Amino acid sequence: MKFSFNKKDILEVLAKIQGITGRKTSLKITSDILIKAAESKITITANDLETVFTGTYDAQVETSGILSINSKKFFEIIREYPNENICINEVENRWVEIGTGDSVYHIVSSDYENFPETPVIENVNFIEITAKDLKKMVAVSSVVGYQNEEKRIYVLGSLIEKAAVEGEDVLRIVSTDSRRLHCFDASFTGDLDLGDSRVIIPKKGLAELGKFIDSDIETIKVGVKKNHFVFQRANESIMIKLLEGDYPDYRLVMNFEGMIPIEIDRAMFLTLMKRVSILTSEDCKSVIFNFTENNLTVTITNPEIGESKEQLMVGFSGEEIKSAFNPRYFMDALNLFKDDIVTLNIKNSKSPCIIKSMKNNNLICVIMSIHLS
Amino acid sequence: MSRIRILPDILSNQIAAGEVVQRPVSVVKELVENAMDAGADRIIVEIENGGKTLIRVSDNGCGLSRDEAVLALERYATSKIYTKEDLFSISTFGFRGEALPSMASVSKFSFVSRTADNVTGTRVDMNGGKLSGVTDTGAPVGTMVEVRQLFFNTPARRKFLKSENTESGHIADALAGLAMGNPGVGFRLVVNRRSVKSYPPGQSLFQRAQMVMGKAVADQLYEMHWPETDEDAAGGLPGLSIRGVCANPGVTRSTANRIFLFVNRRLVYDRGLISAMFQGYRGRIMKGRYPVGAVCVDLPCDQVDVNVHPAKREIKFITPGPVYKALSLAVANTLFRGQDDELSYARAVMNEKKASPTPLQAALTSASLPETEKKMAPDLFESASTSQSPPVYDAFDSPPESFQAAEPREKSWPPAPDTKLPAQAPLADHEPETPESGMTTPLSAPEPFQSTQSGFRVVGQVLNIYIVLEKENHLVLVDQHAAHERIVFEQLLNRYKRMDVQSQSLAVPEVLELSHKEALVLESIMADLAGLGIRVEAFGGTSFVIKAVPVLVEQKQLGPLVVEMVEKISRANGTGIKDDWLEDALATMACHRSVRGGQSMSLKEMTALVAQLFTCDNPMHCPHGRPVFISFDARSLEKLFKRVV
């Protein structure tokens, strides 16, 4: 096979798929990309067995063919290549020649027959969602991360389901690590067919997908079919294999009953949280919130480092509430909001703290408390 | 005719033999225990063909008269208990009255005994459980039991016996165990007419342990005892006392089979005791390794039930908690004391590789080794000629040399074969008094380091990993990472203990499904868990939910850890909660924050590090159990340089 392409057409996509092909793996070929050349187009596929990307781009194809080549090395060569037009030529025996003239590479490629099969998913009932909302869904999901050895499905993945809010169907995403829980509703157009009515999508795959949402104006097609979450946009598509397992009943912790709403300046509260979190450490993560009449005092004492105390005027009245929280979770949550004023909702010293917008319930962040004894 | 019949005696004895006499070693164990119950202080065990052809046990105990001898072979005939009350306070090894008739029913059996006031002895012969003759015979005071052709009339049993070497090995191991528990009694094992083991009578537990554990371990044993103070005694179970030896943590095994446990002199196996011993060694041995030692627990006979199993290998403590706690404390205190002399403690640590042959191996080698290799373990072979003609009643009257050899002898070990491994080879074999000298100092926390007082002089750093120190004619190497890890770990631990327990509530409580037994255990420790930051609540039936976890391990799924903890506690009869995982988390933190190997340090930094190290509770090991120090004394250096040979 032999083809050439313009560097700027391909470079960006090669950069974006490094996350899919860059995973540590025992199956080496998942670090490769598959390039298929035919009829003045090339199709690039990346597949880590969970997330599959395919994109089709213009190219000058001399002889058609197919090859599997290491994604990282290919990307780096293209990125650093001095000329705009780059020629790829499979010489013999899976040796691939990249470039012509003064800079020429000979790279060993793998047998493309071993490249994992791309699932064939057709006739998906796509719904349309704005890029902005999809981006928020990705953010809500990926801000709640996990560690390498994590095994809990509901931590590894985010829940996506259809929910009815005030008579209108919305696409809801819920993400948790058990210490906090975020829930976001996006509106959509089209006929949503979720199969099992609720699905769990891996946070990792969703984060990779997030890289391909680059415009705030376009709408994007997403759908669920054959155990995959499918994303389609112009010449590119991503399929993410869903996780199998139960998702806990998240509504239990989103319970506003008896909660006292407290309006608070988001930006001011965010910077306050940043300041108190300076004194946290691996073994001392909590700060103490003390709500008294029209006042919030936040304190932290970390032995051998020191202590800090912050005060903020807030619209609180009622019996004093003293509770402890991890300030980093507040920072994560407050960054998801765009509003100037948000409400904190809290009931007592044991209850979680729930953050939401004044205007609507699109985004709800629940932060579980820390008991001190 | 009724279908239900009373079994004839021979048959019921054979059935009992199925439980009591499983293989030759069971016969040896029963007979030796009988001998000890008879007050013997010299016991000779002779076996041929792994005990399959002959087992003969002779003792110098009180003996039996003619009438008693015949009666003793009846089932449920025993001199050891008389009333029901006796059954609940058993101080003898045997008591069920099953052993003799059982083994007589499956072998060609003869029994010779004489008491001190009789002039002649009695000989009773039996064949497959049938009495074949009672005669007068000349015999020394004491008893000799001969069991020939074990299982000759039960071919199925015979088939299950293993090779001669295996069966001999089991017998040698069992005898080592019995010898360890009864240091006052002399034992000799004669295999195929060759004496392979002799333990002289009248030894102390410590001397006996040195002999049983073998040469390489002998000079690394610490003596322990409990209670040490009146306070200990007041706080513990009345009448409880623990004696024993435990080896330097540098000496470890991959299994628990070098831990000898005795309860009221009886060799037993008890998970709880082993786990208590581990607790005592905690922080000193690496994961997956087992310590070496012997523990004799003595407590009032009514505090322990030995009648759990016919072989009496398993026991039940009426109140296990205080016993386990006392053992853990005894071990920990002993090791702390051993650490007072940090130079010898650290020196011992590096001798790990040079393990002594186990009794099993010893027995095997004795049977088959060529002459040239025998000098490897001389004391096992020396007295072979004294016991040529069985029976050997009077072998003890002229104790061979090896009996006096309670102290390890240096010269009999081969010289270091390979000087490329100087850290292991030549240092194993001297100064057996070291562990005892550690005993004399009272229990106290290690003194804070002051270079002038403790006499450590920092020489420098080598390979950017080890700090070289000098003290009292010793060259000491310190692993800088391990040392710093220990310092940081103890700082973190102290800090953690002083802080509030921070417990992160969970949005998704983890559900635990337990068995009934586990549920009871979990309920009993829920309050303690809350103290560690794990808040567990009952969820109906045997289900529980974890509502909150300690912030230190909040990333982890704690369910499996809690279940594991419950399983451990229910297996070990409640040795208490272990927050190992919390310490693991702190140890990992400490590891990340510590000076690495490969980092060069100034003299000032090194002096400060060593000074800080000696303020730690346990400066000798890193939190993962690795040694921090290795010391070489002048003599071993001289040996390496061939200044002395």
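None of these values were measured; they are calculated from a predicted model. Order of the sequence lines sets the chain letters (A, B, ...), proteins ahead of strands, with each chain counted from 1.
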Interchain contact, A:V366 with chain B, by part (heavy-atom threshold 4.5 Å): neither
Note: A:L372 and B:Q502 closest approach over all heavy atoms is CD2-CG, 3.5 Å
Side chain, backbone, both or neither: which part of A:S281 has a non-hydrogen atom closer than 4.5 Å to chain B? side chain
Cut-off 4.5 Å, heavy atoms of chain B, and the answer for A:Y329 is side chain
Cut-off 4.5 Å, heavy atoms of chain B, and the answer for A:F325 is neither
Can I get a per-line list of side-chain donor-acceptor pairs under 3.5 Å for residues 331-339 of chain A, giving both atom names and the distance, sequence neighbours left out?
| residue | atom | partner | partner atom | Å |
| --- | --- | --- | --- | --- |
| A:D332 | OD2 | A:R180 | NH1 | 2.8 |
| A:N335 | ND2 | A:M331 | O | 3.1 |
| A:D339 | OD2 | A:S357 | OG | 2.7 |

Side chain, backbone, both or neither: which part of B:Q491 has a non-hydrogen atom closer than 4.5 Å to chain A? neither
Atom CD of residue position A:E263 - does it have more than 12 heavy atoms of other residues, nucleotides or ligands inside 6.0 Å? no
Between B:V551 and A:D283, is any pair of side-chain heavy atoms under 4.5 Å apart? no
With a 6.0 Å cut-off (strictly less than), is the heavy-atom count around NZ of B:K547, excluding the residue itself, greater than 12? no
Can you confirm whether more than 12 heavy atoms, excluding those of B:K325, are under 6.0 Å from its NZ atom? no
In Å, rounded to the nearest 0.5 Å, how long is the span from CD1 of A:I370 to CG of B:D500? 11.5 Å
Neighbour count >12 (heavy atoms, 6.0 Å) for atom CD, A:E244: no
Do you know the tightest heavy-atom contact between B:A507 and A:V253? O-CG1, 3.5 Å
Taking the side chain from B:R495 and the backbone from A:P303, do they hold a donor-acceptor pair closer than 3.5 Å? yes
Please look at A:N326 and chain B and tell me whether the side chain, the backbone, both or neither of the residue comes under 4.5 angstrom of a heavy atom of that chain. side chain
I'd like to know if the side chain of B:Q504 and the backbone of A:H371 have a donor-acceptor N/O pair within less than 3.5 Å. no
Top contributor to chain B interface from A:S286, A:P352, A:C284, A:P248 [non-hydrogen pairs under 4.5 Å]: A:C284
Output yes when a side-chain donor or acceptor of B:S505 lies under 3.5 Å from a complementary backbone atom of A:M368, and no otherwise. no
Check whether more than 12 heavy atoms from other residues, nucleotides or ligands sit under 6.0 Å from atom CG of A:D246, and answer yes or no. no
Would you indicate whether A:E319, at its atom CD, is surrounded by more than 12 heavy atoms from other residues, nucleotides or ligands within a distance under 6.0 Å? no
Do other residues, nucleotides or ligands put more than 12 heavy atoms under 6.0 Å from B:Y466 OH? no
